[in-house]
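In this text the structure is predicted, and so the values were computed from the model without any measurement. Counting starts at 1 for both ligands and their atoms, in listed order.
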Amino acid sequence: MTTTAPHADPSVQRHDPARDPLVDARGVVKTYGDHTVLHGIDLQVHAGQVVCLLGPSGSGKSTFLRCINHLERIDGGRLLVDGQDVGYEQRHGKLYELTERRIARRRADIGMVFQRFNLFPHRTALENVVEGPVVVRRRARAAARDRGMELLDRVGLAHKAASYPAQLSGGQQQRVAIARALAMDPRLVLFDEPTSALDPELVGEVLDVMRDLAADGMTMVVVTHEVGFAREVADTVAFLADGVIIESGDARQVLDDPRHERTRSFLARVL
Ligand code: ADP
Ligand code: MG
């Protein structure tokens with residue numbers, strides 16, 4: 001099926017990963033029935049950048065991540081990941097809706113880490129990490145296990161490879177979830193409040209892993225209320241309220257000297 005507006009301009013130039021953003025949202029609109037949740041989101045994320053999204057509950061942060069991750073179709077504007085419209089492919093200058101199968105293939109290139117860790121409860125930490133590469137990427141199990149052990153080591157959990165999720169703390173489970181996301185060799189990792197469900201004393205170990213990942217050059221979009229982390233790690237901070245980005249820019253500028261009253265009052269509440 002071809003589509004017309006709002007995706008009306010398929011005449012994009014050839015995508016240049018060195019120059020063009022990995023995520024390019026231009027006026028992204030998302031509605032549920034007659035409820036408009038995203039009112040035109042503009043955001044660019046370049047390869048290697050960390051962007052933190054802040055904003056009150058219900059402002060559309062999760063919805064926006066879900067759009068980037070092909071879990072929702074957008075209703076207006078344009079959303080490009082790696083130069084390709086999310087949910088569509090371009091052939092002969094026209095946009096065609098992707099089949100579910102093709103969407104799943106593209107989604108495999110994006111890692112997602114949720115507030116709740118969503119590990120398979122009846123599988124060990126290592127089996128959780130190995131599952132995606134074996135089932136989706138069709139990697140040989142032995143090679144996937146070797147790589148899985150490397151990744152568990154990277155998140156400091158090689159010694160827990162044989163443990164089941166219920167035997168791990170929340171922080172450890174979340175670190176396994178991060179290793180699981182990395183096992184797919186993602187181009188981009190989306191984090192949706194990855195530390196919000198954790199006891200305060202476990203937040204630091206998860207943020208440390210994310211900090212290492214950022215230092216290693218991973219492209220990350222992080223929804224978080226951890227202002228300290230955002231200040232230290234993010235290149236860009238965007239503040240969302242009521243489905244629009246009210247202000248965005250250099251992390252320190254937005255966090256230390258916000259221009260908008262709503263950003264200011266939000267920060268005063270979470271700090
Ligand atoms: P945030 O992550 O910033 O808290 P969400 O993206 O979860 O915000 O939600 C934004 C708004 O969209 C909320 O008003 C929520 O009720 C609504 N919403 C989210 N998902 C759905 C859905 N599947 N159907 C209808 N409304 C939804
Ligand atoms: Mg949310």
Side-chain angles (χ1 to χ4, degrees), residues 6 23-45 50-79 81 86-87 97 100 103-104 107 110-119 170-171 173-174 177-178 181 188-200 202-203 206-207 210 220-230 233-234 236-249 251 254-255 258 260-271:
V23 178
D24 190 1
R26 304 184 211 158
V28 167
V29 172
K30 176 68 196 171
T31 60
Y32 291 110
D34 53 12
H35 181 196
T36 300
V37 174
L38 302 179
H39 287 270
I41 300 282
D42 291 299
L43 187 74
Q44 278 75 40
V45 184
V50 177
V51 174
C52 284
L53 290 179
L54 274 67
S57 174
S59 57
K61 305 177 301 292
S62 295
T63 301
F64 183 54
L65 291 191
R66 290 171 58 78
C67 289
I68 297 173
N69 199 24
H70 306 73
L71 293 165
E72 302 284 352
R73 273 188 195 280
I74 65 172
D75 300 291
R78 200 144 186 217
L79 181 55
V81 175
V86 167
E97 275 188 27
E100 281 304 316
I103 287 175
R107 189 181 298 138
I110 301 176
M112 184 127 182
V113 176
F114 300 91
Q115 184 173 336
R116 300 257 159 224
F117 334 115
N118 303 324
L119 297 176
Q173 289 182 60
Q174 193 60 303
I178 293 172
L188 167 72
V189 184
L190 310 174
F191 293 85
D192 195 353
E193 302 200 31
T195 60
S196 295
L198 298 176
D199 292 337
L202 303 178
V203 168
V206 173
L207 295 180
M210 293 169 63
M220 299 162 55
V221 180
V222 184
V223 172
T224 185
H225 296 303
E226 295 291 335
V227 173
F229 173 85
V233 177
T236 300
V237 165
F239 179 73
L240 235 95
D242 298 331
V244 289
I245 291 178
I246 290 195
E247 90 175 274
S248 73
V254 172
L255 295 172
H260 288 262
E261 178 48 38
R262 289 202 67 177
T263 318
R264 234 173 270 148
S265 61
F266 175 81
L267 289 172
R269 265 181 287 125
V270 297
L271 281 175

Taking atom CZ of Arg264 as the centre, report whether more than 12 heavy atoms of other residues, nucleotides or ligands fall under 6.0 Å from it.
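Buried by this count: over 12 neighbours within 6.0 Å.
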How far does NZ of Lys30 sit from CG of Leu38, to the nearest 0.5 angstrom?
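Here the interatomic distance stands at 8.5 Å.
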What's the spacing between Leu79 CG and Asp24 CG if we round to 0.5 Å?
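If we round to the nearest 0.5 Å, Leu79:CG and Asp24:CG are 8.5 Å apart.
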Output the set of protein residues with a heavy-atom contact under 4.0 Å to ligand 1, ordered first by chain identifier and then by residue number.
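Only Tyr32, His35, Val37, Pro56, Ser57, Gly58, Ser59, Gly60, Lys61, Ser62, Thr63 have heavy atoms that fall under 4.0 Å of ligand 1, ordered by chain and number.
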Under a 4.5 Å cut-off applied to non-hydrogen side-chain atoms, are Met210 and Val233 in contact?
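In short, these two side chains do not touch, never coming nearer than 4.5 Å.
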Would a distance-only check, ignoring hydrogens and angles, find a side-chain to backbone donor-acceptor pair under 3.5 Å from Arg26 to Gly77?
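Side chain of Arg26 to backbone of Gly77, a donor-acceptor pair under 3.5 Å: no, none is there.
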Could you work out, with salt bridge (charged side-chain N to carboxylate O under 4.0 Å, His left out) as the rule, every residue matching Glu247, not counting sequence neighbours?
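Per chain and number, Glu247 pairs via salt bridge (charged side-chain N to carboxylate O under 4.0 Å, His left out) with no residue.
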For the Mg ion (ligand 2), check which protein N, O or S atoms are under 2.8 Å away and list them.
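Checking every protein N, O and S atom gives Ser62 OG.
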SB check Arg262 Asp242 (cutoff 4.0 Å)
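Asp242 and Arg262: salt-bridged.
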Taking it one step at a time, do Phe114 and Gln174 satisfy side chain to side chain contact (heavy atoms under 4.5 Å, CB included)?
CA-CA 9 Å; Phe114 300 91; Gln174 193 60 303; 6.0 Å; no
Just jot down the side chain to side chain donor-acceptor pair (under 3.5 Å) partners of Thr31, sequence neighbours excluded, or say none.
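Listed in chain order: Asp75.
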